[in-house]
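Structure, as structure tokens:
Read the numbers this way: they start at 1 and go in the same order the structure lists the ligands and their atoms. We use all heavy atoms of the structure for the numbers below, so side chains are in, but hydrogens, waters and symmetry mates are not.
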Amino acid sequence: MSPAFIMFFGPPGCGKGTQAKKVTDELPLVQISTGELFRKHLGEKTPLGLEAQKYMSQGALVPDEITIGMVRERLEEPDCHNGAIFDGFPRTGDQALALDNLLAEMNSKLHMVVDFELPIEISRQRLMARQEGRTDDKPEVIEKRLNDHAAIEASVMPHYHAHKGLVKTVDANRPIDVIYQDVMALIKPLVG
Ligand code: AMP
């Protein structure tokens, strides 16, 4: 069975991380969340983590070079051999091109983009209510991340919409388990 590579896209608070966790509990895929990888590095106080934190605490994107290098390293780990769900990556046009290249080097490609649609007002409410104690879940940083999402969408999604049928849309304004059923119906056939 060849590996399946899937990208989850959506605004902050759309639940894509939660869905990626649920899918990877059930299917032999790994979740590659660049936000979580950065937070892990920060927890371990690695130079990469400390550098990334300068950007993350402002709600700014970490530079492409750092982000792409980190994803490359993660993809080289053996647990990725069945495939992965990218969560929060790519967020720039250059990251999208880099991902295509990384997967091509593995003789593979991106098989699907799942676009989690959520009205911005609901996204804002969910982030305000989030109690994970993340340093970027502060009101002013939340506003910046919400605004930036529109720019991220504009720089990343045209790349994928150019491939007919690659992008699948899911209504993220529903209960977690209902969304999960739709997500699994999309992904399971890719994993075999
Ligand atoms: P997230 O957990 O996906 O909301 O990411 C938290 C923060 O990590 C973001 O606000 C960025 O500062 C940084 N980050 C995560 N993924 C990326 C990425 N693909 N490119 C640049 N910065 C990122």
Checklist entry - Counting both backbone and side chain atoms, is some N or O of Gly88 under 3.5 Å from an N or O of ligand 1? => result yes

Checklist entry - When you check the side-chain N and O atoms of Thr92 and Asp64, is any donor under 3.5 Å from an acceptor? => result yes

Checklist entry - If you measure from each non-hydrogen atom of Thr67 to ligand 1, which part falls under 4.0 Å: side chain, backbone, both or neither? => result side chain

Checklist outcome for this item: Looking only at non-hydrogen atoms, the one of His149, Lys144, Arg91 nearest atom 5 (O) of ligand 1 is Arg91

Next on the checklist: Would Lys144 and Asp148 count as a salt bridge (charged side-chain N to carboxylate O under 4.0 Å, His left out) here? Give the steps.
Outcome noted: CA-CA 6 Å; Lys144 174 161 171 38; Asp148 287 353; 2.8 Å; yes

Checklist outcome for this item: Under 4.0 Å from one or more heavy atoms of Thr34, ligand 1 contributes atoms 15 (C), 16 (N), 17 (C), 18 (C), 19 (N)

Checklist entry - For ligand 1, which atoms, with element, lie under 4.0 Å from some heavy atom of Arg145? => result 4 (O)

Checklist outcome for this item: If you scan protein heavy atoms around atom 23 (C) of ligand 1, the nearest is Phe38 CE1, 3.7 Å

Item to check | Minimum heavy-atom distance Val141-Gly59, with the two atoms named | outcome: CG1-CA, 3.6 Å

Checklist entry - Leu29 and Asn82: which non-hydrogen atoms are nearest, and at how many Å? => result CD2-O, 3.5 Å

Item to check | Leu186 versus Met112, closest heavy-atom pair with distance | outcome: O-CE, 3.4 Å

Next on the checklist: Less than 4.0 Å is my threshold; does some heavy atom of Glu36 fall inside it relative to ligand 1?
Outcome noted: no

Item to check | Gln95 neighbourhood, listing ligand 1 atoms whose heavy-atom distance to it stays under 4.0 Å | outcome: 18 (C), 19 (N), 20 (N), 21 (C)

Item to check | Taking every non-hydrogen atom, the tightest pair across Thr67 and Val62 | outcome: OG1-O, 3.4 Å

Checklist entry - For atom 22 (N) of ligand 1, what's the nearest protein heavy atom and its distance? => result Val62 N, 3.0 Å

Checklist entry - Should Ala60 be listed as contacting ligand 1, given a heavy-atom distance under 4.0 Å as the test? => result yes

Item to check | Which of the ligand 1 atoms, numbered from 1, are nearer than 4.0 Å to a heavy atom of Arg39 | outcome: 2 (O), 6 (C)

Next on the checklist: Measuring centre to centre across the rings, with the benzene-like ring taken for any Trp, is Phe9 within less than 6.0 Å of Phe116?
Outcome noted: no

Checklist entry - For atom 4 (O) of ligand 1, what is the nearest protein heavy atom, given as residue, atom name and distance? => result Arg134 NH2, 3.2 Å

Next on the checklist: Can you confirm whether more than 12 heavy atoms, excluding those of Glu117, are under 6.0 Å from its CD atom?
Outcome noted: yes

